[in-house]
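Shown next, in structure tokens, is the structure this report addresses.
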Amino acid sequence: MDKLKPFLEKHFGHTTFKEGQRQIIEAVINGEDVFAMLATGSGKSLCYQFPALWKKGTAIIVSPLLSLMENQVQELKQSGIRQAAAYNSFLSPPEKEHILRHLADYKIVYISPESLQHPEVASRLEKLNVSLLAVDEAHCISQWGHEFRTDYLRIKEIRRLAGNPPCIALTATASADAKKDIIEKLELTNPLVHCDSVDRPNIYIDVRKKKNEEEKRETLREECSRLPLPGMIYVNSRLKAEELAAFIREENGLKTSAYHGGMSNEDRRLVQQQFLNDEIDVICCTNAFGMGINKPNIRFVIHYHYSKDMESFMQEIGRAGRDGRQSLSLVLYDAADGMLPRRMLEHEFPSEEEIRMVSHDPDRPEWTTSRFLLERYGLEEVHARFLQFYIHKWYQSSRTQPLEDFISSVIQRRMEWKLQKLKQKEYWLHQKDRCRRTALLEVFDEHNKNIVTPCCDVCGEYTMHVYQQRKERESELSWEERLKWILHQ
DNA sequence: CGCAGCACTGCTATCAGTGCTGCGGTGCTATAGT
């Protein structure tokens, strides 16, 4: 007798499981660890929400963005699941205290990796019956955990503290390397591994080398005048995002907006909402834009600057064509583009001078805080947290080498790793004799490529059909929209 | 694999070349002050 289905219908209103869901849910219920790579829209959340409600105790869900947590809790509450909360800095101190005191009354609690590390939180979890620990958008562990948000690498410690509950890692895109890294960093034991294909057959992949920035802009202007809308343009600086938004607005008469981390929360929310409502034709953004965006009709993603590795690229182009209709990924690059990612890579780490200073300071307490490092040495915040994390790691280790050497070797290893990822990306851009899709999928350990037409610039030209769509769209418009469009021209 | 902006230099032009420096992305949190 199948008990899962009635439960599914009662709490989530579905009559059947989607591909893969059932197996994952059963594994979590049985106390197994899971690594799941599921395509967007295939019901990732259900994989932890179902077991969370099914099992006794409280499920802890680690989520990277406050906005994602808020959305999830809101959705749960709307579908009648009220014992859900997000524990984060949006809450006032009394509200936080209230949630912590009554943790056991909740079935699902969302939390950031940073908040998870708070001593009050950790000590509460120690006494709590944690039904499962889920890490949503788990690729963040591998993408952010080593340098930018090191608390991602400390999740396993809290997991141990909470009595080793079953752990489920969920993501839409993780390369073969990232998958290995995630499993290792979370200490998943014999996990059930479920991987959907990351291939997106309705996205045509195009790469074009340009002589210089001027040529890139020319191409941008041309493409924005004929590609179906809406679309996205990725750049690697905030200033450039603003600049290109203005450029396309002026040159093409399109509704554009920039989006980057330097904007206020209100502006970001507004722009995002306008884009989702089809009130913006082209959004020019840094990598701040994307996570949690589920807009079905994005027709193109142009990379005005290329992303730093293959999996960021996959994530970024994967935002196009969620509705299944023909879409386009276009990368424009020139010889000077390699400079910035290398500079940024170096800038991610503290300098040798800073490491020496910190390592040899006799006044530095053993369990130093990032705040201490920040104030005493005037380090950048990210560098201070990076150092704090690896200093602690050194104290936990056998300390066979001096602290300075330990940190330097970590940095060297990570730099080499990241540089190799960047080179892999550049190799992929430059090579002109292999199918781009085949080469892209190999990074994700997929070797049985489907025959896709149109596929990519190497397999064959494909432009006319795509451009045709814009014309079709324009003739579908109402007279008001058409008038607006004509006035723009 | 750059580029803009600045100070400096040589030696007297309000310049022309050189060389240095800074820039550049992702988000959480806590806390002080309106």
Across the strands shown, which category fits A/Q143 at heavy-atom distances under 4.0 angstrom: base, sugar-phosphate, nothing?
-> nothing

Determine the stems involving DNA chain B; a stem requires 3 or more consecutive pairs of the Watson-Crick or G-U wobble kind, each with both distances below 3.5 Å, and the answer is none if no such run exists.
-> B:2-10 with B:15-23

Side chain of A/M339 (C-beta onward), nearest among B/dG27, B/dT26, B/dC1 | B/dC1

Please say whether the positively charged group of A/R217, taken as NZ for Lys or CZ for Arg, lies over the ring of A/F247, i.e. under 6.0 angstrom from the six-membered ring centre and within 45 degrees of the axis.
-> yes

Just checking A/K308: base, sugar-phosphate only, or nothing, at a heavy-atom cut-off of under 4.0 Å?
-> base

Could you work out the separation of B/dG24 and B/dC1 based on their P atoms and round it to a whole Å?
-> 23 Å

So what does A/D151 touch, heavy atoms closer than 4.0 Å: a base, only the sugar-phosphate, or nothing?
-> nothing

What nucleotide among B/dC1, B/dT26, B/dT29 has an atom nearest to a side-chain atom of A/R342?
-> B/dC1

Approximate separation, where rounding is to 0.5 Å, of A/D445 CG and A/D177 CG = 8.5 Å

Heavy atoms under 4.0 Å, any strand shown: does A/P64 hit a base, just sugar-phosphate, or nothing?
-> sugar-phosphate

In whole angstrom, give me the gap between the P atoms of B/dC11 and B/dC6.
-> 26 Å

A/F148 on top of B/dT26's base, within under 5.5 Å and under 30°?
-> yes

Face-on cation placement of A/K210 at A/Y333 ring, 6.0 Å and 45° thresholds = no

For A/Y110, does its backbone N or O pair with a side-chain atom of A/Q72 as donor and acceptor, under 3.5 Å?
-> no

What does A/E381 touch in the nucleic acid at a heavy-atom separation under 4.0 angstrom: a base, only the sugar-phosphate, or nothing?
-> base

Going by the angle between their ring planes, with limits at 30° and 60°, are A/H303 and A/Y234 parallel, tilted or perpendicular?
-> parallel

How would you label the contact of A/H118 with the nucleic acid (heavy atoms, under 4.0 Å): base, sugar-phosphate, or nothing?
-> sugar-phosphate

When rounded to the nearest 0.5 angstrom, what distance separates CG in A/D457 from CG in A/D206?
-> 4.5 Å

Counting any heavy atom closer than 4.0 Å, what does A/A335 reach on the DNA or RNA strands: base, sugar-phosphate only, or nothing?
-> base

Which one, B/dC1, B/dG2, B/dT29, comes nearest to the side chain of A/L66?
-> B/dT29

